[in-house]
Amino acid sequence: MDNSSIYEVFAIRYASLPGRNASENFTGGDPHEAGSDLDYYVWLARSGSRTFVVDTGFDPAVGTRRGRRMSTPPDEGLRRLGVDAATVKDVIITHLHYDHVGNFGLFPAASFHLQDDEMAYATGRHMSEKFFSQAYEVDEVVAMVREVYKGRVRFHDGDAELAPGLSLHRIGGHTRGMQAVRIRTRAGWIVLASDASHLYANMNETRPFPIVYDVPRMVEGYRRLRELADSPELIVPGHDPLVMRRYPSAGAGLEGIAVRLDHRPG
Ligand SMILES: [Zn+2]
């Protein structure tokens, strides 16, 4: 195995949401928990030859309107890891929710990797119901449609290898075209679940997140994530504050901002 297919992987925390109720994160709530906070991340995977950014975070104005405040702009977090957003060629969009696609304008040189099912879902019949549309921003979905017409969206249908050591896997569940990313690292195959599991507890205790398109598929997705990772602790959930505690800081001055994921978590 040559080094060009072993990746360094980072989680960059760009926002936090304290004071959330457990019923907002677990179907049926949880009588034992008073609160259940969320963190917001974008991810970076780089090898000797390739750089992939996974998701782009929420737009600051959209975040403010929705009661979320940005702590570190994603492009600044990337810059501090030595990556210029303006030159990144590959951006993976796990799904089109506002907190995953909001800043895609920061990546003028990139292709956007997206599942066919996600674009179909975000522009199709279910969006006339607020239950399904609430986490999408229509202006962002329309803007991504414009990118399709410019030839900048690379569609995938199910599993796809983007480079040796890095592949996409449609999980569905949370949204119809939700995809996870499997990455080869020195710690083994890790999986960026994104919102296939918001928190460790969603997948580990089979308590589905309440913003959902298809509950059986979401639950089946937990099993699929375990199948894709070399071991269950190498799955990285999409919004869990514990990620910042279980993994080491990405370097001096990055405490609380970025952690290194190509480690066995502590
Ligand atoms: Zn989502």
Side-chain angles (χ1 to χ4, degrees), residues 11-17 20-27 36-43 53-60 62-63 65-70 74 91-104 112-124 126-127 129-144 156 168-181 191-203 207-222 224-225 235-243:
I12 300 166
R13 177 169 68 172
Y14 71 90
S16 299
L17 183 64
R20 198 169 156 100
N21 294 324
S23 64
E24 295 175 276
N25 292 339
F26 302 101
T27 301
S36 181
D37 300 342
L38 294 182
D39 275 349
Y40 291 76
Y41 300 97
V42 300
W43 299 273
V53 170
V54 181
D55 289 341
T56 61
F58 59 65
D59 173 83
V62 169
R65 169 158 52 75
R66 289 175 177 262
R68 282 116 170 109
R69 202 180 54 80
M70 186 174 273
V91 172
I92 295 161
I93 303 292
T94 63
H95 61 308
L96 290 167
H97 279 168
Y98 79 96
D99 54 324
H100 295 262
V101 73
N103 295 297
F104 73 82
F112 301 108
H113 297 272
L114 188 67
Q115 290 282 328
D116 286 319
D117 273 353
E118 184 62 10
M119 184 56 91
Y121 179 59
T123 55
H126 296 296
M127 294 304 114
E129 298 293 345
K130 191 162 180 245
F131 179 79
F132 297 113
S133 69
Q134 60 184 333
Y136 291 98
E137 284 287 324
V138 63
D139 289 342
E140 292 172 355
V141 173
V142 169
M144 190 54 81
H156 304 281
L168 305 178
H169 302 273
R170 183 182 53 221
I171 302 287
H174 174 56
T175 66
R176 200 171 115 197
M178 171 78 232
Q179 60 184 347
V181 189
V191 174
L192 301 180
S194 183
D195 292 0
S197 191
H198 288 65
L199 300 168
Y200 284 105
N202 294 121
M203 60 181 169
R207 293 191 292 161
F209 194 79
I211 297 176
V212 59
Y213 165 68
D214 182 326
V215 174
R217 245 191 248 183
M218 181 181 267
V219 172
E220 175 65 10
Y222 302 148
R224 180 69 175 137
L225 294 171
I235 303 167
V236 183
H239 288 274
D240 202 318
L242 284 173
V243 169

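Heavy-atom basis, side chains included; hydrogens, waters and symmetry copies ignored. All figures in this text were calculated on a predicted structure; none of them were measured in a lab. Counting convention: from 1, in listed order, for ligands and their atoms alike.
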Asks: Under a 3.5 Å distance rule, please check whether Asp59 uses its side chain to pair with a backbone N or O of Gly102 as donor and acceptor.
Replies: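 Side chain of Asp59 to backbone of Gly102: no pair is present.
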Asks: Please say whether the positively charged group of Arg66, taken as NZ for Lys or CZ for Arg, lies over the ring of Tyr98, i.e. under 6.0 angstrom from the six-membered ring centre and within 45 degrees of the axis.
Replies: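 Yes; both conditions hold, so Arg66 lies above the ring face of Tyr98.
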Asks: Closest heavy-atom contact between Leu192 and Val54?
Replies: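 So the two residues come closest at CD1-CG2, 4.0 Å.
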Asks: What is the total of protein N/O/S atoms that are closer to the Zn ion (ligand 1) than 2.8 Å?
Replies: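 With waters ignored, the protein N/O/S count below 2.8 Å is 4.
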Asks: Give me the atom names and distance for the closest heavy-atom approach of Tyr136 to Ala122.
Replies: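 Taking Tyr136 first and Ala122 second, the nearest heavy atoms are CE2-CB, 3.8 Å.
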Asks: Determine the interplanar angle of the His239 and His100 rings, folded into 0 to 90°, and report it as parallel if under 30°, tilted if 30 to 60°, perpendicular if over 60°.
Replies: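 Taking His100 first and then His239, their aromatic rings stand perpendicular (interplane angle over 60°).
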Asks: For the atom pair CD (Gln134) and CE (Met127), what is the distance rounded to the nearest 0.5 Å?
Replies: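 The CE atom of Met127 is 10.0 Å from CD of Gln134, to the nearest 0.5 Å.
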